[in-house]
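Residue indices begin at 1 and follow the sequence shown.
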Amino acid sequence: MAMANISHLFSPNFILTPTKTTKLFYSAYHPRQQRDFSVLAMASSSIPLNNVEYLEREFKGQGVSFEGIGDSCVVRMRLDNGSVASLMVPSGLITSYKAHMWHGSTVELLHTIVLENEDGGVVVRGGMSTDFECRSDSGVTWSPSTWVLHDVRGDAESSIEVELRSSDSENMVELKNIVSLQPDALYSQVVITNSKSSPLLLMGYIMSHLAVSTPDASFAVGLEGSDYYSKSPFISDFSIIPPEISKSKTRGVFQGLLSNLGRGDEAKMKSNFGEIEKAEGEEKDNYAQLTEKMSRIYTSAPQEFTILDRGKRNSVAVGTTGFDELYIFSPGSSHEWYGKYAFICTGPSAMLKPIVLNPNAVWREFY
């Protein structure tokens, strides 16, 4: 279990990079000069967070636009080079990243679908999302599910940064997600603060659904020699679940792991978790084809590898720092090309080895 002994920032770093030009990062947060204005304060005010006219006026000239859809607001970032990223509040889901490519046009890197729910409304799944669960030594758990827009920084010429925040009901645990669009990269920077007087156990992951032609034409390049564990697929509210995978068997991924933890102080939390089981395998192929259904956690993966799609004739470099684990899921190749299940999931995780965050601490991993 990773330990925070002094005040520092917790920073998962995850990178997706179309060959030669573009990157997608989950990375460390570096504090910058903050604006006095905070949309976070609007969450308890009479101004709705999807007040498009107000938001357009406040952030005019910074390369962002806003669109109200029902109770949600779509925040769209657009750079002068053509790169575009979109996210939704209050869900915090990044729904689109159209990256500027070497040939001059843009390509959508994220796979997202829109479905109808039981009430006749629509739900968006896929994209890039964060899914964390925090547990105190008293056994109380909290997961960030509602995000508010806190600030927008930057401009369309260089980079645009959108900061989202989510906190528990007592405002003692806070997560920040700073989404930054740059000419050749998309960053999702996560900061976790524990203001409690007791330690906090953190589990979770940051997940991207990468759009591919078909898993049969997709390869994970550069993982040779990495140890891995086969686990049930990680399922969140934004997961795209193939019909042959039972949601009931995967929904309790946090509960099952957290049940190994008892109550008590920090040392007791560590000892009750127990030792990490021995890795079940080692990646033998430097060009691992993703044809078959698979759900793996790699524990010794390099900080950068590549998802190669021969069907689309492109590749995306994936870089991770800040977590000790890398997750990859393939739904298999029994589905239609370019269809609903034409994606590969990947992202950093803390599921085998949760993080213990000390009282009044902020976690940081540098890269």
Side-chain angles (χ1 to χ4, degrees), residues 12-20 22-26 97 99 107-111 126 128 205-235 239-242 244-245 250 253 276-353:
N13 182 6
F14 181 55
I15 312 165
L16 304 180
T17 310
T19 303
K20 298 181 182 178
T22 311
K23 303 178 182 180
L24 176 56
F25 292 77
Y26 294 98
Y97 174 36
V107 172
E108 178 61 68
L109 297 185
L110 298 179
H111 181 71
M128 185 194 308
Y205 50 86
I206 305 175
M207 192 64 62
S208 285
H209 292 68
L210 300 183
V212 298
S213 57
T214 173
D216 188 47
S218 302
F219 298 78
V221 183
L223 294 178
E224 184 178 11
S226 300
D227 294 331
Y228 66 81
Y229 302 77
S230 294
K231 297 293 181 181
S232 298
F234 295 173
I235 302 297
S239 299
I240 301 174
I241 308 169
E244 65 272 16
I245 297 177
T250 55
V253 61
I276 299 299
E277 61 190 284
K278 184 179 179 181
E280 68 177 64
E282 179 182 307
E283 186 59 66
K284 303 297 185 182
D285 195 343
N286 199 45
Y287 282 76
Q289 193 169 11
L290 303 175
T291 302
E292 303 299 327
K293 289 189 288 290
M294 62 169 282
S295 177
R296 290 179 178 175
I297 300 175
Y298 289 86
T299 56
S300 56
Q303 290 191 356
E304 184 171 323
F305 73 102
T306 300
I307 296 293
L308 172 66
D309 183 358
R310 291 182 175 174
K312 290 186 174 183
R313 297 184 179 182
N314 65 14
S315 61
V316 179
V318 179
T320 65
T321 62
F323 280 129
D324 294 332
E325 305 164 11
L326 170 70
Y327 177 71
I328 298 180
F329 169 74
S330 170
S333 299
S334 60
H335 308 285
E336 180 183 1
W337 280 50
Y338 299 98
K340 181 178 179 180
Y341 305 109
F343 65 88
I344 298 295
C345 280
T346 188
S349 72
M351 297 297 287
L352 295 176
K353 187 169 66 173

Subject >> Derivation and outcome, side-chain contact (heavy atoms from CB on, under 4.5 Å), residues Cys345 and Phe343 >> reply: CA-CA 7 Å; Cys345 280; Phe343 65 88; 3.7 Å; yes
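- No donor-acceptor distance shorter than 3.5 angstrom exists from the side chain of Ser239 to the backbone of Ile241, with no hydrogens or angles considered.
- In this structure, CG in Asp309 is found 4.0 Å from OG in Ser218, a value given to the nearest 0.5 Å.
- The heavy-atom pair separating Ala342 from Ser213 by the smallest distance is CB-O, 3.6 Å.
- Inspection of the Asp227 and Thr299 side chains reveals no N or O donor paired with an N or O acceptor under 3.5 Å.
- Checked against the 6.0 Å centroid criterion, the rings of Phe329 and Phe234 do not qualify as a close aromatic pair.
- The two residues Leu290 and Ser333 make their nearest non-hydrogen contact at O-OG, 4.4 Å.
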**OP:** Test Leu352 against Tyr229 for side-chain contact (heavy atoms from CB on, under 4.5 Å), laying out the working first.
**Re:** CA-CA 9 Å; Leu352 295 176; Tyr229 302 77; 3.3 Å; yes
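- Atoms CZ and CG, from Arg296 and Leu223 in turn, are 9.5 Å apart once rounded to the nearest 0.5 Å.
- Within 6.0 Å of atom OH in Tyr287, 12 or fewer heavy atoms from other residues, nucleotides or ligands are found, so the atom counts as exposed in its surroundings.
- Using a distance-only test at 3.5 Å, with no hydrogens or angles considered, no donor-acceptor pair links the side chain of Ser349 to the main chain of Tyr205.
- Annotation: side chain of Glu304 is not in contact with side chain of Val318 (no heavy-atom distance under 4.5 Å).
- The 12-atom threshold is exceeded at CD of Glu108, counting heavy atoms of other residues, nucleotides or ligands nearer than 6.0 Å.
- Counting only heavy atoms from C-beta outward, the side chains of Ile328 and Met294 approach each other to under 4.5 Å.
- Closest approach of Trp337 and Gly311 over heavy atoms only: CZ3-CA, 4.5 Å.
- Residues Val221 and Ile307 fail the side-chain proximity criterion, which asks for heavy atoms closer than 4.5 Å.
- A donor-acceptor contact shorter than 3.5 Å is absent between the side chain of His111 and the backbone of Ile344.
- Put simply, CG on Asp324 and CE on Met351 are 14.5 Å apart, with the number rounded to the nearest 0.5 Å.
- Residues Tyr228 and Glu280 bring no donor and acceptor atom of their side chains to less than 3.5 Å of each other.
- A heavy-atom distance below 4.5 Å is not found between the side chains of Asp285 and Glu224.
- With Thr346 contributing its side chain and Tyr327 its backbone, the two residues share a donor-acceptor pair below 3.5 Å.
- Side-chain contact check for Leu110 versus His209: every heavy-atom pair is 4.5 Å or farther apart.
- At a threshold of 4.5 Å between non-hydrogen side-chain atoms, the residues Gln289 and Asp216 count as touching.
- The CG atom of Asn286 sits 9.5 Å away from atom OG1 of Thr306, with the distance rounded to the nearest 0.5 Å.
- Residues Phe219 and Arg310 are in side-chain contact: their nearest non-hydrogen atoms beyond the backbone lie under 4.5 Å apart.
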Subject >> Stepwise side-chain contact (heavy atoms from CB on, under 4.5 Å) check, Glu325 with Lys353 >> reply: CA-CA 8 Å; Glu325 305 164 11; Lys353 187 169 66 173; 3.7 Å; yes
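- Aromatic ring orientation, His335 versus Tyr341: tilted (interplanar angle from 30° to 60°).
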**OP:** Check step by step if side-chain contact (heavy atoms from CB on, under 4.5 Å) holds for Ile297 and Leu326.
**Re:** CA-CA 6 Å; Ile297 300 175; Leu326 170 70; over 6 Å; no
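- The shortest side-chain heavy-atom distance between Pro302 and Ser226 falls under the 4.5 Å cut-off.
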